[in-house]
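The analysis underlying the following values was restricted to heavy atoms, covering all of them including side chains, and did not include hydrogens, waters or symmetry mates. Residue numbers run from 1 in the order of the sequence given.
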Amino acid sequence: MKIVADENMPLVQELFGSFSSVVSEAGRKINRDYLLDADVLLVRSVTQVNSGLLQDTKVKFVGSATIGTDHIDQAYLSEQGIKFAYAPGCNAQAVAEYVLAAIGYWADYAHKDLRKCKVGIIGAGNVGSRVTQVLELLGIEYCLNDPPLHEQGDSRQFVSLQNIQQCDVVTCHVPLTMQGQHATHHLINQQFLSQMPPGSLLINSSRGAVLDNTAALYCKQAGQDIDFVLDVWENEPNLNIELLNQSLIATPHIAGYSQEGKIRGTYQLYQAVCKWQGIEQEFVLKDLLPEAPKWNASAELRSDTGFLHQNLRRFYDIKSDDQRMRQKLAQVLRQSGATISEEFDNLRKNYPQRLEFLELM
């Protein structure tokens, strides 16, 4: 069996090498020529998997080591009898920790007492649910919005988007959907932003187009008092530099890039391929995960606004990711050679190891 895999997936050779030959390549460079004699394709979110990529290839299994699937044409895979698997929840804790670090930095920067703040969470799936666990751990008030889950009979209490708009912090954790009653494309638009209270924070670590980036930039240029923490961008990797410059924190789609999250993603695909081929698994997930120091989180918030940020930065300093991105992209703008898109991908490819720091069930 031949496997072609995104080079940003860890442990591919270790997990799959005993029963297949593995070729690794940059996700955006994987094209049809790589796949002519491949049986399995393993990707992350940057590879668009559709008929143009797979037509007239031998590929019979596609796996995405991600929690989102908007880059996968699942209808085409189904029509062609190609097995598909992905990795829901693999990096949910990493994203939740990113959100917590963002809130902590914002509270320090804007002198906010988090005991008096309320967080509105849009999307209550794997990631949104982890965010609620983190907030409960610290006693931060929150509310949830997720119309699809509400309609499916989820027993949690949900509120409307109008209620979410009035929160001090809004954080997005929805898939990108273009059609239907609950489409999320530009869910956060000019109208939504205009109703947010002065001094509030908007975090987007889901998909870039969930937030209308043009509306967000207009909001800042018009002087509206909203801070933005953005990890995902419309037209990524060719992001809007003006919006980056107006953002409180800007990062290159790495919210879920903990070492554990990436390993879980690869491992979930390993499980799926083994099941598909009837191969007995050789590895156990817990033996693959790194040991990491954990933060002994206090259940009681303190009144000093920098308390959370100063405690978290020992484990994950979100501002260092922001500074690294700004410095690298500024170099690109000053010099010829690499493009914004190339440097964005380089930042992801060469992202420093980040370990998860919370003990969550």
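- In the hydrophobic cluster analysis, where Ile, Leu, Val, Met, Phe, Trp and Tyr join through side-chain heavy atoms closer than 4.5 angstrom, L308 is grouped together with V134.
- Residues I122 and I226 are members of one and the same hydrophobic cluster, defined by side-chain heavy-atom contacts under 4.5 angstrom among Ile, Leu, Val, Met, Phe, Trp and Tyr.
- Cluster membership check: F19 does not share its hydrophobic cluster with V23, using side-chain heavy-atom separations under 4.5 Å among Ile, Leu, Val, Met, Phe, Trp and Tyr.
- Here D345 does not pair with R348 in a salt bridge; the nearest charged N to carboxylate O distance is not below 4.0 Å.
- The environment of NZ in K29 is sparse: at most 12 heavy-atom neighbours from other residues, nucleotides or ligands sit within 6.0 Å.
- Every pair tested for salt bridge (Lys or Arg N to Asp or Glu O under 4.0 Å) that includes a residue from residues 221-238 fails, sequence neighbours excluded, so the list is empty.
- Side-chain contact between K112 and D168 is absent, with no heavy atoms from C-beta onward closer than 4.5 Å.
- Contact of the I254 side chain with the L347 side chain is not registered, since no non-hydrogen atoms from C-beta on lie closer than 4.5 Å.
- In this model, no donor atom of one side chain and acceptor atom of the other lie less than 3.5 Å apart for Q224 and Y218.
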**Request:** List the steps and the verdict of side-chain contact (heavy atoms from CB on, under 4.5 Å) for L187 and L161.
**Result:** CA-CA 10 Å; L187 179 66; L161 275 182; 3.7 Å; yes
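- Connection of I30 to I3 is not established within any shared hydrophobic cluster, with ILVMFWY side chains joined at heavy-atom distances below 4.5 Å, either directly or through further cluster members.
- Contact record, A250 with L244: CB-CG, 3.8 Å, taken as the closest heavy-atom pair.
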**Message:** I'd like to know whether L138 forms a side-chain contact (heavy atoms from CB on, under 4.5 Å) with L100, so could you lay out the CA-CA distance, the side-chain angles of the two residues, the decisive distance to 0.1 Å, and finally the verdict.
**Reply:** CA-CA 10 Å; L138 291 168; L100 182 63; 3.4 Å; yes
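- In the hydrophobic clustering of ILVMFWY residues, with side-chain heavy atoms under 4.5 Å counting as a link, V169 and Y316 come out together.
- Residues M325 and F344 have side chains in contact (heavy-atom distance under 4.5 Å, counting atoms from C-beta outward).
- Around NZ of K220, the count of heavy atoms belonging to other residues, nucleotides or ligands within 6.0 Å exceeds 12.
- Looking at D33, its side chain never comes within 3.5 Å of a backbone N or O of L36 through a donor-acceptor pair.
- With contacts defined as side-chain heavy-atom distances shorter than 4.5 Å, the pair Y142/V131 does not qualify.
- Using a distance-only test at 3.5 Å, with no hydrogens or angles considered, no donor-acceptor pair links the side chain of Y270 to the main chain of Q281.
- Applying the salt bridge (Lys or Arg N to Asp or Glu O under 4.0 Å) test to pairs two or more places apart or on separate chains, those with a residue in residues 117-129 are K118-E141.
- The distance from the OG atom of S320 to the CZ atom of R313 is 9.0 Å, given to the nearest 0.5 Å.
- Using a 4.5 Å cut-off on side-chain heavy atoms (C-beta onward), S45 and H253 make contact.
- The salt bridge (Lys or Arg N to Asp or Glu O under 4.0 Å) analysis of residues 79-93, with sequence neighbours excluded, yields no pairs.
- In this structure, the separation between CG on L114 and CG on D108 is 10.0 Å, given to the nearest 0.5 Å.
- Atoms CG and NZ, from D37 and K58 in turn, are 6.0 Å apart once rounded to the nearest 0.5 Å.
- With Y257 as the aromatic partner, R354 does not meet the cation-pi criteria of under 6.0 angstrom to the ring centre and within 45 degrees of the ring axis.
- The aromatic rings of F84 and Y86 sit parallel, their planes meeting at an angle under 30°, below the 60° perpendicular limit.
- Between R32 atom CZ and L54 atom CG the span is 10.0 Å, to the nearest 0.5 Å.
- Listed here is the closest heavy atom pair of L201 and V229: CD1-CG2, 3.7 Å.
- Residues in residues 98-121 take part in these ring-ring contact (aromatic ring centres under 6.0 Å, His included) pairs, two or more places apart or across chains: Y105-H309.
- Within the structure, ring-ring contact (aromatic ring centres under 6.0 Å, His included) contacts touching residues 152-208 (residues at least two apart or in different chains) are H150-F158.
- C172 and L202 get closest at one heavy-atom pair: SG-CD2, 4.5 Å.
- At least one donor-acceptor pair closer than 3.5 Å links the side chain of R44 to the backbone N or O of A65.
- Between the side chains of Q93 and E97, at least one donor-acceptor pair of N or O atoms lies under 3.5 Å.
- For the residue pair S129 / R156, a side-chain donor-acceptor distance below 3.5 Å is found, with atom types taken as modelled.
- Listed by first and then second residue, the ring-ring contact (aromatic ring centres under 6.0 Å, His included) pairs involving residues 25-77 are F61-W276 (not counting sequence neighbours).
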**Prompt:** Checking side-chain contact (heavy atoms from CB on, under 4.5 Å) for the pair L333/L329: CA distance, chi angles, key distance, verdict?
**Reply:** CA-CA 6 Å; L333 294 174; L329 296 189; 5.6 Å; no
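- A donor-acceptor pair under 3.5 Å is absent between the side-chain atoms of S78 and the main chain of Q74, judged by distance alone.
- Side-chain contact check for C274 versus E282: every heavy-atom pair is 4.5 Å or farther apart.
- S206 and V174 get closest at one heavy-atom pair: CB-O, 3.3 Å.
- Remark: the backbone N or O of A94 is not paired with any side-chain donor or acceptor of N91 at under 3.5 angstrom.
- Contact detail for E356 and G261: the closest heavy-atom pair is OE2-N, 3.6 Å.
- Side-chain atoms of T47 come within 3.5 Å of backbone N or O of G27 as a donor-acceptor pair.
- Under the 3.5 Å distance criterion, the side-chain polar atoms of T171 are left unmatched by any main-chain donor or acceptor of I121.
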**Prompt:** Yes or no on side-chain contact (heavy atoms from CB on, under 4.5 Å) for Q221 and E242, after CA distance, side-chain angles and deciding distance?
**Reply:** CA-CA 10 Å; Q221 292 175 334; E242 290 183 78; 3.5 Å; yes
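- For L289 against R264, the heavy-atom pair with the smallest separation is CD2-CG, 4.5 Å.
- Residues L149 and L144 fail the side-chain proximity criterion, which asks for heavy atoms closer than 4.5 Å.
- Looking at heavy atoms from C-beta onward, V332 lies out of side-chain contact with E342 at the 4.5 angstrom threshold.
- Side-chain atoms of N50 come within 3.5 Å of backbone atoms of L53 as a donor-acceptor pair (strictly under, hydrogens ignored).
- Separating the CE atom in M196 from the SG atom in C167 is a distance of 8.5 Å, to the nearest 0.5 Å.
- Remark: the S64 side chain and the T66 side chain contain an N/O donor-acceptor pair separated by less than 3.5 Å.
- With rounding to the nearest 0.5 angstrom, the CD1 atom of I249 is 13.0 Å from the OG atom of S205.
- Judged by distance alone, with hydrogens and angles left aside, the side-chain atoms of N145 form no donor-acceptor pair with the main-chain N or O of C143 at under 3.5 Å.
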**Request:** Apply the test side chain to side chain donor-acceptor pair (under 3.5 Å) to residues Y351 and N8: give CA-CA distance (whole Å), side-chain angles for both, the deciding distance (0.1 Å), then the verdict.
**Result:** CA-CA 10 Å; Y351 186 64; N8 283 338; over 6 Å; no
